[in-house]
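All figures in this text were calculated on a predicted structure; none of them were measured in a lab.
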Amino acid sequence: MAQPPDDPKTARMVAIFAERRFERSRANQRLRARMLVWSIRTKVVRNLKRALDVSLASAAIVATAPLMIGTVVAIKLDSPGPVIFQQERVGKDGETFGCYKFRSMYVDAERRKAELLAKNEADGPVFKMKDDPRITRVGKVIRKLSIDELPQLFNVLKGEMSLVGPRPAIPSEVARYSYEQLGRLNAIPGITGLQQVSGRSNLDFKRWVELDLQYIVEQSLWKDIEILTRTIPAVIFSRGAY
């Protein structure tokens with residue numbers, strides 16, 4: 001065993017070093033404990049969110065089945081083309097998936113988009129046009145009431161989307177994102193979100209991103225329930241939708 005130094009100054013320095021080493025050890029233990037608690041909390045919240053998604057999405061599919069069947073008939077009678085429009089979207093961590101929607105546009109909509117870019121009414125990388133000529137008669141109604149997004153309930157069941165989260169963007173939009181805007185990809189995309197209940201299409205893209213990032217930081221089960229509750233009147237009164 002090492003003998004304590006005879007020099008009082010040296011002995012004091014050794015004591016200080018040992019005390020600081022002990023404090024660092026305790027700090028590391030506290031840090032590890034906090035990280036463990038955070039990890040457990042994150043996993044619990046994620047599992048509860050998934051359970052909420054599956055249960056509510058399943059119930060919503062059953063409840064809206066007659067509405068979806070009526071929408072299918074209306075689309076088929078209104079214009080030629082498939083009833084379901086599947087578009088590649090970017091999900092969490094940049095993973096792509098096929099996002100389902102009831103077709104609300106004519107089948108040549110993607111080709112005609114290039115002709116309308118000069119009339120884009122939104123800022124940033126997104127495209128929005130209030131009187132978009134590519135939208136069908138039925139499409140105007142189902143988009144106004146967000147009925148066109150009901151098939152995304154099946155995306156939720158597949159785990160590709162959540163009921164609440166940032167709206168999924170198309171790859172060409174994500175390719176133009178700044179570093180800060182890429183933060184939107186840190187959460188599973190949702191059918192509705194903080195942006196949808198805070199102005200929808202009336203918001204500029206900068207504010208849109210701010211709300212999405214705010215949700216990601218604050219997300220919790222109660223936050224999701226609050227947003228879902230606020231979504232109902234937002235859809236009924238079609239706030240800022242086009």
Audit row: Arg143, Ile135, side chain to side chain contact (heavy atoms under 4.5 Å, CB included) steps and yes/no: CA-CA 9 Å; Arg143 286 166 69 97; Ile135 302 176; 3.4 Å; yes

Pair Ser104-Arg134, side chain to side chain donor-acceptor pair (under 3.5 Å): steps then yes or no: CA-CA 9 Å; Ser104 61; Arg134 302 173 300 161; over 6 Å; no

Taking side chain as C-beta onward, heavy atoms only, is [X] less than 4.5 Å from [Y]?
X: Ile191; Y: Ser146; value: no
X: Gln86; Y: Cys99; value: no
X: Thr71; Y: Val83; value: no
X: Lys140; Y: Lys144; value: no
X: Gln87; Y: Tyr100; value: no
X: Phe102; Y: Val72; value: yes
X: Phe97; Y: Pro189; value: yes
X: Arg167; Y: Gln195; value: yes

Quick check: closest heavy atoms across [X] and [Y], and the distance to 0.1 Å?
X: Ile188; Y: Glu160; result: CG2-O, 3.9 Å
X: Ser198; Y: Leu211; result: CB-CD1, 3.7 Å
X: Gln181; Y: Val209; result: CG-CG2, 3.9 Å
X: Ser79; Y: Thr136; result: OG-CG2, 3.7 Å
X: Ala187; Y: Gln219; result: CB-NE2, 4.5 Å

Walk me through whether Thr192 and Leu228 qualify under side chain to side chain contact (heavy atoms under 4.5 Å, CB included). CA-CA 7 Å; Thr192 187; Leu228 288 170; 3.9 Å; yes

Is [Y] reachable from [X] through a run of hydrophobic residues whose side-chain heavy atoms are each under 4.5 Å from the next?
X: Val138; Y: Leu150; answer: yes
X: Ile216; Y: Trp222; answer: yes
X: Ile170; Y: Val107; answer: no
X: Ile75; Y: Phe85; answer: no
X: Leu213; Y: Val174; answer: yes

Considering residues at least two apart in sequence or located in another chain, which fulfil the side chain to side chain donor-acceptor pair (under 3.5 Å) criterion with Arg184?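 Here the qualifying residues are Tyr177, Asp212.
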
Distance, nearest 0.5 Å, that separates CD of Glu173 from CZ of Arg89: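 Glu173 atom CD to Arg89 atom CZ measures 7.0 Å (nearest 0.5 Å).
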
Rounded distance [0.5 Å steps], CD in Glu218 versus CG in Leu194: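 Between Glu218 CD and Leu194 CG, I get 7.5 Å after rounding to 0.5 Å.
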
Do other residues, nucleotides or ligands put more than 12 heavy atoms under 6.0 Å from Glu180 CD?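 Atom CD in Glu180 is not crowded, with 12 or fewer foreign heavy atoms closer than 6.0 Å.
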
Salt bridge (charged side-chain N to carboxylate O under 4.0 Å, His left out) pairs, two or more places apart, involving residues 55-78: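 Pairs touching residues 55-78 that pass the test: Asp78-Arg137.
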
Intermediate values then yes/no, side chain to side chain contact (heavy atoms under 4.5 Å, CB included), Asp132 and Met105: CA-CA 9 Å; Asp132 195 328; Met105 293 185 173; 3.8 Å; yes

Test side chain to side chain contact (heavy atoms under 4.5 Å, CB included) on Ile84 and Lys101 and set out the steps. CA-CA 6 Å; Ile84 299 294; Lys101 297 185 74 172; over 6 Å; no

Check for a donor-acceptor pair, side chain of Asp108 on one end and backbone N or O of Arg111 on the other, with a separation under 3.5 Å.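 Not a single qualifying donor-acceptor pair exists.
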
List the atom pairs, donor and acceptor, that lie under 3.5 Å between side-chain atoms in residues 48-68 and the rest of the protein, sequence neighbours left out.
residue: Lys49; atom: NZ; partner: Ser162; partner atom: OG; Å: 3.2
residue: Lys49; atom: NZ; partner: Val164; partner atom: O; Å: 3.1
residue: Lys49; atom: NZ; partner: Tyr215; partner atom: OH; Å: 2.9
residue: Lys49; atom: NZ; partner: Asp224; partner atom: OD2; Å: 2.5
residue: Arg50; atom: NH1; partner: Val156; partner atom: O; Å: 2.6
residue: Arg50; atom: NH2; partner: Leu157; partner atom: O; Å: 2.8
residue: Asp53; atom: OD1; partner: Ser162; partner atom: OG; Å: 3.2
residue: Asp53; atom: OD1; partner: Leu163; partner atom: N; Å: 3.1
residue: Asp53; atom: OD2; partner: Ser162; partner atom: OG; Å: 2.7
residue: Ser55; atom: OG; partner: Ala51; partner atom: O; Å: 2.9
residue: Ser55; atom: OG; partner: Leu52; partner atom: O; Å: 3.1
residue: Ser58; atom: OG; partner: Val54; partner atom: O; Å: 2.7
residue: Thr64; atom: OG1; partner: Ala60; partner atom: O; Å: 2.6

